[in-house]
Amino acid sequence: MNVGKIYMDDKIVPVKDLSFYATRFLHANYLYQTINTVDHRPLYLKEHLANLAAAHEALYGKPLELEERKIERQIANLLHEGRLPHGGNSVNIIVIPDNDEPHIIIEHNRMTLYEGFAILSLRPKAIITNYEIPFERHLTSVSMQTADFMNSVAKRNGLHLAIRANRKGQLISAGDYPLFAVKNRTVMTVPVAEGAKVCAEREMMFRLCQMAGINIEECDIPVSELKNIDELMIFTPIGIQSVLCCDNKYFHSTVASLLDRHLPRLTKEGFSSFKRP
């Protein structure tokens with residue numbers, strides 16, 4: 001839903017008044033985070049902002065100060081101004097680097113059917129696409145556009161989404177979202193050193209597995225092992241998506257159902273901070 005307004009550098013601005021916005025944004029190098037909200041309140045905002053700041057310093061060599069309380073108020077104001085319902089919404093926080101001060105944009109992303117994190121109702125059919133992206137640990141304009149392009153490839157083939165494998169033949173992610181495989185009731189995900197993104201969604205899955213008493217470990221996940229995997233899950237900004245099939249291999253959703261019981265608690269914790277054990 002296009003609410004017609006964005007926050008840009010601390011001001012709510014009608015998009016129609018920004019004649020330069022579309023062209024500049026299409027060609028900008030930017031960093032971003034997608035944040036889930038409930039009742040116009042952001043979840044895990046502190047973690048998302050910390051990842052933005054870390055990415056900005058890593059890629060541009062400059063510290064980035066983001067005031068959590070101010071941005072929390074701005075998100076609420078934007079959703080209120082857009083007359084959006086008080087259920088589930090997600091927003092994008094976008095940082096466009098500049099020689100002086102970076103531009104900070106907050107835009108509404110989408111309304112959701114869920115109030116907080118949930119198991120998404122659609123179990124998608126996936127295809128494996130093999131590609132590398134620069135600065136793969138961070139959420140950038142390049143990673144977003146590449147993910148969108150690869151998902152369009154999947155859809156042209158009658159499927160729903162693309163799962164990324166790298167040149168080493170390892171399963172890495174579903175676009176910009178962390179991928180988790182289950183084998184013998186153990187959840188597996190690739191280490192950051194091997195290509196996983198540093199993102200709040202990844203940390204949420206570690207926390208969720210701790211709540212559920214399910215073992216989770218970091219390890220390589222070769223494409224060749226897909227036939228031996230019991231489940232594939234993606235942690236998106238609004239919850240867990242259990243993959244139905246990939247490359248003619250169909251998956252269960254047993255562990256996803258077990259994790260589902262603890263998602264309300266994960267949502268509740270999202271209004272404050274948590275520390276990964």
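- Close placement of the His56 and Tyr60 rings is indicated, their centers lying within 6.0 Å of each other.
- Checked for salt-bridge contact, Glu225 and Lys183 meet the test: a charged N lies under 4.0 Å from a carboxylate O.
- Residues forming a side-chain contact (heavy atoms from CB on, under 4.5 Å) with Ser141 (at least two apart in sequence, or on another chain): Asn29, Tyr30, Gln145.
- The only option from Arg110, Glu107, His108, Gln33 that meets the side-chain hydrogen bond (donor to acceptor under 3.5 Å, both in side chains) definition with Asn92 turns out to be Glu107.
- When the side chains of ILVMFWY residues are joined at heavy-atom separations under 4.5 Å, either directly or via intervening members, Phe251 and Leu120 end up in two distinct hydrophobic clusters.
- Atom OG in Ser242 sits 8.5 Å away from atom CD1 in Ile234 (nearest 0.5 Å).
- Both Val190 and Ile229 are part of a single hydrophobic cluster, where members link through side-chain heavy atoms under 4.5 Å apart.
- When atom types are taken as modelled, the side chain of Arg164 and the backbone of Tyr131 share a donor-acceptor pair closer than 3.5 angstrom.
- Counting heavy atoms from C-beta outward, Ile71 and Leu49 have side chains that approach closer than 4.5 Å.
- Hydrophobic clustering places Met111 together with Ile106 (ILVMFWY residues linked when any side-chain heavy atoms are closer than 4.5 Å, directly or through intermediates).
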Determine all donor-acceptor pairs shorter than 3.5 Å in which one atom belongs to a side chain in residues 254-267; sequence neighbours excluded.
{"from": "Ser257", "atom 1": "OG", "to": "Ser253", "atom 2": "O", "distance (Å)": "3.0"}
{"from": "Thr267", "atom 1": "OG1", "to": "Phe117", "atom 2": "N", "distance (Å)": "2.9"}
{"from": "Thr267", "atom 1": "OG1", "to": "Leu263", "atom 2": "O", "distance (Å)": "3.0"}

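- Cation-pi contact between Arg202 and Phe235: absent, since separation from the ring centre below 6.0 Å together with deviation from the ring axis within 45° is not met.
- Side-chain atoms of Lys125 never come within 3.5 Å of backbone atoms of Cys245 as a donor-acceptor pair (strictly under, hydrogens ignored).
- Ion pairing between Lys168 and Glu132 fails under the 4.0 Å rule for side-chain N and carboxylate O.
- Taking hydrophobic clusters as Ile, Leu, Val, Met, Phe, Trp and Tyr residues chained together by side-chain heavy-atom distances below 4.5 Å, Tyr177 does not share a cluster with Met204.
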* Between Val91 and Leu79, does a side chain to side chain contact (heavy atoms under 4.5 Å, CB included) hold up when you go through it step by step? -> CA-CA 9 Å; Val91 298; Leu79 297 178; 4.0 Å; yes

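- Within the structure, salt bridge (charged side-chain N to carboxylate O under 4.0 Å, His left out) contacts touching residues 241-251 (residues at least two apart or in different chains) do not occur.
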* To do: Evaluate the criterion side-chain hydrogen bond (donor to acceptor under 3.5 Å, both in side chains) for residue pair Asp9 and His103; output intermediate values, then yes/no.
  => CA-CA 6 Å; Asp9 297 335; His103 299 288; 2.8 Å; yes

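- Donor-acceptor pairing under 3.5 Å is recorded for the side chains of Asp176 and Tyr32.
- Lys197 contributes a side-chain N or O that, together with a main-chain N or O of Glu136, makes up a donor-acceptor pair within less than 3.5 Å.
- When only modelled atom types and interatomic distance are considered, Thr34 and Asn109 share no side-chain donor-acceptor pair under 3.5 Å.
- A distance of 10.5 Å separates CG of Asn36 from CD of Glu115, quoted to the nearest 0.5 Å.
- Side-chain contact check for Ile35 versus Tyr44: every heavy-atom pair is 4.5 Å or farther apart.
- Side-chain contact between Arg167 and Asn130: present, with at least one pair of heavy atoms (C-beta onward) separated by less than 4.5 Å.
- A distance of 5.5 Å separates CD1 in Ile127 from CG in Leu159, rounded to the nearest 0.5 Å.
- Closest heavy-atom contact between Glu57 and Pro63: OE1-CA, 4.2 Å.
- Of all the heavy atoms in Ile128 and Leu171, the pair that sits closest is CD1-CD2, 3.9 Å.
- A pairwise comparison of heavy atoms in His138 and Ala55 identifies ND1-CB, 3.4 Å as the closest pair.
- The side-chain heavy atoms of Thr140 and Leu59, taken from C-beta on, include a pair separated by under 4.5 Å.
- With a 4.5 Å cut-off on side-chain heavy atoms, Glu47 and Glu203 do not count as touching.
- Heavy-atom contacts from other residues, nucleotides or ligands closer than 6.0 Å to NZ of Lys227 number more than 12.
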* **Worked verdict on Leu232 versus Ile163 for side chain to side chain contact (heavy atoms under 4.5 Å, CB included)** => CA-CA 10 Å; Leu232 271 184; Ile163 289 174; 3.8 Å; yes

* To do: Let me see the working for His40 and His86 under ring-ring contact (aromatic ring centres under 6.0 Å, His included), right down to the final yes or no.
  => CA-CA 6 Å; His40 293 183; His86 282 257; 4.0 Å; yes

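- Pairing each heavy atom of Leu179 with each of Ala174, the nearest pair is CB-N, 4.3 Å.
- Connection of Phe180 to Val223 is not established within any shared hydrophobic cluster, with ILVMFWY side chains joined at heavy-atom distances below 4.5 Å, either directly or through further cluster members.
- With a 4.5 Å cut-off on side-chain heavy atoms, Val187 and Glu217 do not count as touching.
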* Take Arg207 and Glu269 through the salt bridge (Lys or Arg N to Asp or Glu O under 4.0 Å) test and state the conclusion after the steps. => CA-CA 10 Å; Arg207 175 60 175 152; Glu269 286 191 0; 2.6 Å; yes

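- The two residues Arg123 and His252 make their nearest non-hydrogen contact at NH2-O, 3.3 Å.
- Going from atom CG of Asn184 over to atom CG of Asn228 covers 9.5 Å, rounded to the nearest 0.5 Å.
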* Trace of the side chain to side chain contact (heavy atoms under 4.5 Å, CB included) decision for Thr37 with Leu43 -> CA-CA 6 Å; Thr37 74; Leu43 296 166; over 6 Å; no

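- A salt bridge links Asp10 with Lys70: at least one charged nitrogen is closer than 4.0 Å to a carboxylate oxygen.
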* Asked: For Asp148 and Met144, what are the C-alpha separation, side-chain angles and deciding distance, and is it a side chain to side chain contact (heavy atoms under 4.5 Å, CB included)?
  -> CA-CA 6 Å; Asp148 287 346; Met144 176 191 282; 4.0 Å; yes

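- Within the 4.5 Å cutoff, the side chain of Phe206 has no heavy atoms near those of the Pro178 side chain.
- Residue Tyr7 comes nearest to Asn77 through the heavy atom pair OH-ND2, 3.3 Å, listed as atom of the first residue, atom of the second, then distance.
- For Asn151 (side chain) and Leu161 (main-chain N/O), no donor-acceptor pair under 3.5 Å exists by modelled atom type.
- In this structure, the side chain of Thr146 does not engage the main chain of Ser143 through any donor-acceptor pair within 3.5 Å.
- A 4.5 Å side-chain heavy-atom check between Val182 and Met188 finds every atom pair outside the cut-off.
- Under the 4.0 Å criterion applied to side-chain N and carboxylate O atoms, Glu68 and Lys46 are not assigned as salt-bridge partners.
- Rounding to the nearest 0.5 Å places SG of Cys199 at 11.0 Å from CE of Met205.
- From Ile75, atom CD1 reaches atom CG of Leu45 across 5.0 Å, with rounding to the nearest 0.5 Å.
- Using modelled atom types, one side-chain atom of Asn166 and one backbone atom of Gly169 make a donor-acceptor pair closer than 3.5 Å.
- Between the side chain of Thr236 and the backbone N or O of Gln241 there is no donor-acceptor pair closer than 3.5 Å.
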